[in-house]
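Note: hydrogens, waters and symmetry copies are ignored here, and every other heavy atom, side chains too, is used. Here is how names work: the chains are called A, B, and so on, in the same order as the sequence lines, proteins then strands, and each is numbered from 1.
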2 protein chains.
Amino acid sequence: MPKINDVAENAGVSITTVSRVLNNRGYISESTRNKVFLAMKELNYQPNEMARSLYRKKSNMIGLIIPTVTNPFFSELTYHLEYFANLKGYKLVLCNSMKNIQKEHDYIDMLKKNQVDGILVGSSVLDVEHYLNLNLPIVSFERTLANIPTVTSDYITGGKLAAQLLLDKGCLKPALIFQAGGGPHHQSLLTAGIGQGFEDVLKGTAIRPVYMELDPDININQCHGNELLRIFNEHPEIDGVLTEDLLAAEIIRICNRLDKKIPEDIKLIGYDDVMIPSLLSPRLSSVRQPIKEMSEYIIESIIKQIKGEVVPMLHTIPVTLIERETT
Amino acid sequence: MPKINDVAENAGVSITTVSRVLNNRGYISESTRNKVFLAMKELNYQPNEMARSLYRKKSNMIGLIIPTVTNPFFSELTYHLEYFANLKGYKLVLCNSMKNIQKEHDYIDMLKKNQVDGILVGSSVLDVEHYLNLNLPIVSFERTLANIPTVTSDYITGGKLAAQLLLDKGCLKPALIFQAGGGPHHQSLLTAGIGQGFEDVLKGTAIRPVYMELDPDININQCHGNELLRIFNEHPEIDGVLTEDLLAAEIIRICNRLDKKIPEDIKLIGYDDVMIPSLLSPRLSSVRQPIKEMSEYIIESIIKQIKGEVVPMLHTIPVTLIERETT
DNA sequence: TTGAAAGCGCTAACAA
DNA sequence: TTGTTAGCGCTTTCAA
């Protein structure tokens with residue numbers, strides 16, 4: 001790999017001059033500029049970003065910590081985050097924490113040592129203090145961290161929309177089935193607001209929903225078949241469900257097995273609206289989190305912080321309910 | 001952020017000494033070592049990996065270029081690659097190329113400038129020369145690149161296993177439906193060997209399969225409904241299908257719509273065995289690529305190359321056929 | 001308009 | 001056993 005010095009020699013100028021044309025700073029005569037460009041081309045020179053970063057104290061790297069990129073919600077989010085980061089000249093270092101405290105901790109350490117300019121963290125399981133002590137730009141999502149800029153979708157409205165639709169379709173015994181939060185500090189989506197929105201709508205009625213939290217264990221090929229089967233056996237009166245997209249897929253299978261027709265016997269609504277819903281049969285109605293817009297906002301927020309700007313502590317992104325064939 | 005100099009002053013030694021205990025090199029008295037450790041703890045010192053990398057000319061970063069992490073196959077692969085990379089002390093920089101030549105090119109540039117120690121590239125669309133000229137450790141997967149270490153699953157055997165099962169189940173008109181390769185240099189899975197394996201098994205019989213290549217366009221929420229519908233309308237005699245998992249999901253929906261029963265009227269086999277198959281209803285039979293083992297091998301291979309060792313140009317990973325409810 | 005020299009935070013000869 | 005010093009490849013002040 002040629003270095004700035006090689007270019008300087010080849011062009012017959014000092015390295016300062018090369019640096020100047022590289023950064024387009026200061027006065028340079030056209031002829032020198034051309035000489036330098038020629039030399040760069042001839043040597044196929046590429047500046048060493050590591051050295052530049054060291055001097056500038058800015059790496060243009062952002063750490064992304066999520067439970068696992070195998071979860072479709074996070075994989076879509078990761079895609080868009082990387083897209084927008086790249087657009088702004090940032091690289092993304094991927095970290096799969098599996099909601100494991102130790103792993104999350106180690107990743108943060110690693111990212112800090114590697115001089116990332118900021119950290120994006122989803123479904124964090126660590127104490128807020130860990131992040132506050134970092135003294136580094138942070139954006140949290142899928143979990144509200146006090147005093148750390150957070151972006152989430154509008155869970156409450158999501159819950160309301162789903163409840164209303166289920167009501168409209170005549171459900172008398174709706175169920176909310178979500179994974180419990182992993183780790184001591186993790187709120188489940190349910191407690192995070194979806195449940196509250198759901199409750200808000202039902203308040204005026206005689207309808208009491210069934211709340212269910214599933215084992216929070218994460219696994220690459222997670223399967224909740226048995227747990228779900230138990231729930232439907234214990235509560236045969238359930239005639240509507242709001243749950244995460246991934247779980248909705250399993251529920252469709254369980255209902256097939258139990259000879260419950262969707263949507264006739266049970267209306268089903270997912271939360272997330274990732275790729276899954278349109279893959280399923282019947283196609284899943286789902287509360288859509290606008291992942292792309294969320295990602296764009298998250299990247300904007302971290303970059304603003306990196307630039308030293310102040311950003312709001314909480315940003316809520318609106319959701320919509322996409323009705324398909326399960327309601 | 002405290003620097004090595006701060007630690008040195010605090011401990012009353014030279015920075016060389018601090019560096020020595022940091023790297024555990026050379027002779028150091030226990031007492032000095034302890035003094036230094038204490039100072040590091042007191043200042044909460046973390047060595048600047050960027051500076052170390054600059055000196056060592058080794059960043060411990062690996063670039064990962066894939067079409068899109070939203071594809072379940074690549075998201076699972078990415079998860080495991082990151083896992084094993086992390087285990088060996090490497091970070092992964094994620095790049096979603098969308099099989100776009102320009103993007104892939106720019107990402108390579110970026111990675112090179114950022115001094116990654118190696119590049120992992122899946123479904124590359126660039127000329128081999130681009131990679132050979134890089135003069136950097138590379139591992140390719142999901143596409144065979146001449147003179148570049150490549151790892152793929154055993155497509156031929158995969159095709160054979162599927163063909164045999166379809167035969168055994170009495171199919172007379174099996175179809176192979178895959179996405180065409182994107183970009184000028186991209187082989188589709190079909191031409192890559194699956195088709196050949198399939199053909200091998202059918203050779204002795206009177207059975208002629210239907211080959212179908214779908215529009216290679218990638219989209220986050222890709223949907224091939226209309227194309228698939230057309231295929232089944234034009235070929236109502238199809239009674240068995242081998243396809244990618246993701247497409248299999250769509251085919252199940254189409255069959256529902258067309259009132260074709262699975263597996264009675266049509267036997268369906270996926271390729272990949274990612275998370276999707278067990279989500280579907282009926283659960284999808286699928287040729288399993290051992291993604292975890294592939295990932296482990298890929299990381300091993302790139303690290304060996306980084307260390308200057310020679311690795312085989314082609315490594316084929318065995319596949320198995322997981323029979324579930326669609327055959 | 002250009003260049004010499006110091007320094008970003010670290011490692012490693014070499015000397016003491 | 002420890003310290004001095006010269007770099008890693010780059011940017012930038014300061015002087016010419």
Taking Glu142(A)'s backbone N and O only, do any of them form a donor-acceptor pair with Thr152(A)'s side chain (distance below 3.5 Å, no angle check)? no
Mind telling me whether His315(B) and Tyr297(B) have parallel, tilted or perpendicular rings, with 30° and 60° as the class edges? parallel
Testing the 3.5 Å rule here: is there a donor-acceptor pair between the side chains of Thr17(A) and Ser14(A)? yes
May I ask you to decide if Ile306(A)'s main-chain N or O and Asp117(A)'s side chain share a donor-acceptor pair within less than 3.5 Å? no
Specify the residues of residues 44-53 of chain A, ordered by number, for which at least one heavy atom lies under 4.0 angstrom from an atom of DNA chain D. Tyr45(A), Pro47(A), Asn48(A), Ala51(A), Arg52(A)
For the residue pair Leu136(A) and Ile108(A), establish whether any side-chain heavy-atom pair is separated by less than 4.5 Å. no
Ile28(B) has an atom CD1; how far is it from atom C1' of dA12(C), in whole Å? 13 Å
Going by number, which of residues 1-13 of chain B have a non-hydrogen atom under 4.0 Å from DNA chain D? Val13(B)
May I ask you to evaluate whether Lys57(B) reaches the phosphate of dG9(D), defined as a side-chain N or O under 4.0 Å from OP1 or OP2? yes
Give me the bend of the helix from dT1(C)-dA16(D) to dA16(C)-dT1(D), using the axes of the five pairs at each end, rounded to 10°. 50°
Is it true that Asn86(B) and Lys88(B) share a donor-acceptor pair across their side chains at a distance under 3.5 Å? no
Atom OH in Tyr83(B), atom CG in Asn96(A): separation rounded to 0.5 Å? 11.5 Å
From CD of Glu30(B) over to C1' of dT1(D), roughly how many Å is that when rounded to an integer? 13 Å
Arg52(A)-Asn23(A) side chain donor-acceptor pair, cut-off 3.5 Å: yes
Whole angstrom is fine here: how far is it from OH in Tyr27(B) over to P in dA15(C)? 18 Å
Of the nucleotides dG3(D), dT1(C), dT2(D), which has the atom closest to the Ser29(A) side chain? dT1(C)
Using whole Å, report how far CG of Asn114(B) lies from C1' of dC10(D). 14 Å
Ignoring backbone atoms, establish whether Thr17(A) has a side-chain N or O less than 4.0 Å from OP1 or OP2 of dG3(C). yes
Table please: side-chain donor-acceptor pairs of residues 24-31 of chain A below 3.5 Å, with sequence neighbours left out.
residue  : atom : partner  : partner atom : Å
Asn24(A) : OD1  : Arg33(A) : NH1          : 3.4
Ser29(A) : OG   : Ser31(A) : OG           : 3.3
Ser29(A) : OG   : Thr32(A) : N            : 3.2
Ser29(A) : OG   : Thr32(A) : OG1          : 2.3
Glu30(A) : OE2  : Arg33(A) : NE           : 3.3

Check the phosphate of dT2(D) against Thr32(B), side-chain N and O only, distance under 4.0 Å to OP1 or OP2. Yes or no? yes
Can you tell me if Arg143(A) and Ser124(A) form a side-chain donor-acceptor pair at under 3.5 Å? yes
Pairs satisfying salt bridge (charged side-chain N to carboxylate O under 4.0 Å, His left out), at least one member in residues 101-113 of chain A, at least two apart: none
Under a 3.5 Å cutoff, is there a donor and acceptor pairing between the side chains of Asn114(A) and Lys91(B)? yes
Donor-acceptor contact below 3.5 Å, side chain Gln305(A) vs main chain Ile138(A): yes
Between the protein and nucleotides 12-16 of chain D, list every N/O to N/O distance that falls short of 3.5 Å.
residue : atom : partner  : partner atom : Å
dT12(D) : OP2  : Arg25(A) : NE           : 3.0
dT12(D) : OP2  : Arg25(A) : NH2          : 3.4
dT12(D) : O4'  : Tyr55(A) : OH           : 3.0
dT12(D) : O4   : Thr16(A) : OG1          : 3.4

